[in-house]
Number of protein chains: 2
Amino acid sequence: MVSAPLAAVKSGAPAKERLRLWIRILRASRLIEAVLRERLKSRFDTTLPRFDVLSALDRAPEGMAMSDISRFLLVSNGNVTGIVERLVTDGMASRTKRDGDRRTSIIKLTPTGKEAFAAMAEAHERWIDELLGNLPEDEARALAGTLKTFESNWEGGV
Amino acid sequence: MVSAPLAAVKSGAPAKERLRLWIRILRASRLIEAVLRERLKSRFDTTLPRFDVLSALDRAPEGMAMSDISRFLLVSNGNVTGIVERLVTDGMASRTKRDGDRRTSIIKLTPTGKEAFAAMAEAHERWIDELLGNLPEDEARALAGTLKTFESNWEGGV
DNA sequence: CCTTAAAATTTCATACTTGAAATATCCTCT
DNA sequence: AGAGGATATTTCAAGTATGAAATTTTAAGG
């Protein structure tokens, strides 16, 4: 402790307020995830992690490396290996080596996968629309903005 | 389809806006969870699920039934069995039968567990305070309010 | 009392998840 | 070219996580 008073720097909501907020964020996301998981299972016989990977791949028609997928979805490398493995087995995704670098494998959606995902994405959007249906537009926008700021402040490590 | 036009009822943000919001909520909670998990591991040699269960038990000095824990934490029954098992092994929690109903077991924190959790909770609150530190107070309050409304609208099933 | 339904929990198979260690490949510098 | 380090991925052990089936106990109705 050299010269600056430690506790007097921070501004904004007091600690208890922030803790409450975090608990609300956590509960909201768990509630929504539970609904999504159940519906993906019953209507498409798939899982949320698989949907997430398909969703990532759908944004990248040229394909993604394994590490791109894990970075994008905020999950570990080893995790992606297993999920992609099952997607390939199911004919939803394909892996090819990139010429010039045999370490990297490029994962793409197959036509089957693209088609299957399109149906899921359509339903998924409807479900979210339904689940968040009673949020007024201005609140939704404000909330998204706040979270976006938060996210960009923490992107790439604490 | 009898008489009401299906699409004209809902108000609020359009679907795309809601979808964006959901993705932000999801990413924010995953980012925060990743930090918490890593710190709980390195500083307390424990995991997030264990912390969650301890946290639930700490609110209930008289103890909780297994099903109370799973309902409170929004996780499945079978899941709680394993986590509590490990907590009991570690001396953090105890299980006793309730007289009058031998189906139910009551889980409580041991003194060791209570003490360990107090230290973790203190650190946890500091971490959240740090992670959400740049949220202005009014935004934090608004966000929490919005999420609270959302939650109570969906409590107890879709 | 006895059957049947309900409630609380555990068990089980399968899948997801992490973090660390192991592999394989590429790159750079001398 | 060869050593050493960096990158990309897989493997592995342990711990979550779900949903369904099985178990145990209680409660209710005839």
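Every value quoted in this text rests on a predicted model; they were computed, and no experiment measured them. Residue numbers begin at 1 in each chain, while the letters A, B, ... track the order of the sequences. When reading the values below, keep in mind they use all heavy atoms of this one structure, side chains included, and skip hydrogens, waters and symmetry mates.
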Which atom pairs, donor and acceptor, lie under 3.5 Å between side-chain atoms of residues 104-111 of chain B and protein residues at least two apart or in another chain?
from	atom 1	to	atom 2	distance (Å)
B:T110	OG1	B:G91	O	2.6
B:T110	OG1	B:M92	O	3.2
B:T110	OG1	B:G113	N	3.0

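- The salt bridge (Lys or Arg N to Asp or Glu O under 4.0 Å) contacts involving residues 85-105 of chain B comprise B:D101-B:R103, where partners must be two or more places apart or lie in separate chains.
- Scanning DNA chain D 5' to 3' for nucleotides with an atom closer than 4.0 angstrom to a non-hydrogen atom of chain B gives a first and last hit of D:dG15 to D:dT26.
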Could you tabulate the donor-acceptor pairs under 3.5 Å formed by side-chain atoms of residues 48-69 of chain A, not counting sequence neighbours?
from	atom 1	to	atom 2	distance (Å)
A:D52	OD2	B:R30	NH2	3.4
A:D68	OD1	A:R71	NH2	2.9
A:D68	OD2	A:A65	N	3.2

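- In this structure, A:L74 reaches the sugar-phosphate backbone alone: every heavy-atom distance under 4.0 Å involves primed, P, OP1 or OP2 atoms, never a base.
- For B:A121, the side-chain contact (heavy atoms from CB on, under 4.5 Å) criterion is met by B:F117, not counting sequence neighbours.
- Separation of atoms CG (A:N77) and OG (A:S70) is listed at 4.0 Å; rounding is to 0.5 Å.
- Rounding to the nearest 0.5 angstrom, the gap separating the CG atom in B:L143 from the OG1 atom in B:T146 is 6.0 Å.
- When the ring pair (Phe, Tyr, Trp, His ring centres under 6.0 Å) test is applied to A:F72, no partner is found at least two apart in sequence or on another chain.
- A:K16 and B:E125 are joined by a salt bridge, as a carboxylate oxygen and a charged side-chain nitrogen come within less than 4.0 angstrom of each other.
- Minimum heavy-atom separation, A:F44 to A:A123: CE1-CB, 3.8 Å.
- The stretch residues 64-71 of chain B touches DNA chain C through B:A65, B:M66, B:S67, each having a heavy atom under 4.0 angstrom from the strand.
- The CG atom of A:L73 sits 9.0 Å away from atom CG of A:N79, with the distance rounded to the nearest 0.5 Å.
- Residue pairs that meet the salt bridge (Lys or Arg N to Asp or Glu O under 4.0 Å) test with at least one member in residues 110-121 of chain B, sequence neighbours left out, do not exist here.
- Counting only residues at least two apart or on different chains, no ring pair (Phe, Tyr, Trp, His ring centres under 6.0 Å) pair has a member in residues 88-114 of chain B.
- Taking a 4.0 Å limit (strictly below) on heavy-atom distances, residues 46-63 of chain A reaches DNA chain C at A:T47, A:P49, A:R50.
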From CA spacing to verdict: salt bridge (charged side-chain N to carboxylate O under 4.0 Å, His left out), A:E130, A:R126:
CA-CA 6 Å; A:E130 167 200 343; A:R126 274 191 287 106; over 6 Å; no
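- Rounding to the nearest 0.5 angstrom, the gap separating the CD atom in A:E33 from the CD1 atom in B:I25 is 11.0 Å.
- DNA chain C lies under 4.0 Å from at least one heavy atom of each of the following residues of residues 81-94 of chain A: A:I83, A:R86.
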Per-nt protein contacts along nucleotides 19-29 of chain C (heavy atom under 4.0 Å; B base, S backbone sugar-phosphate only, - none) come out as ------BS---
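- Note that the CG atom of A:D129 and the CG atom of B:L19 stand 9.0 Å from one another [nearest 0.5 Å].
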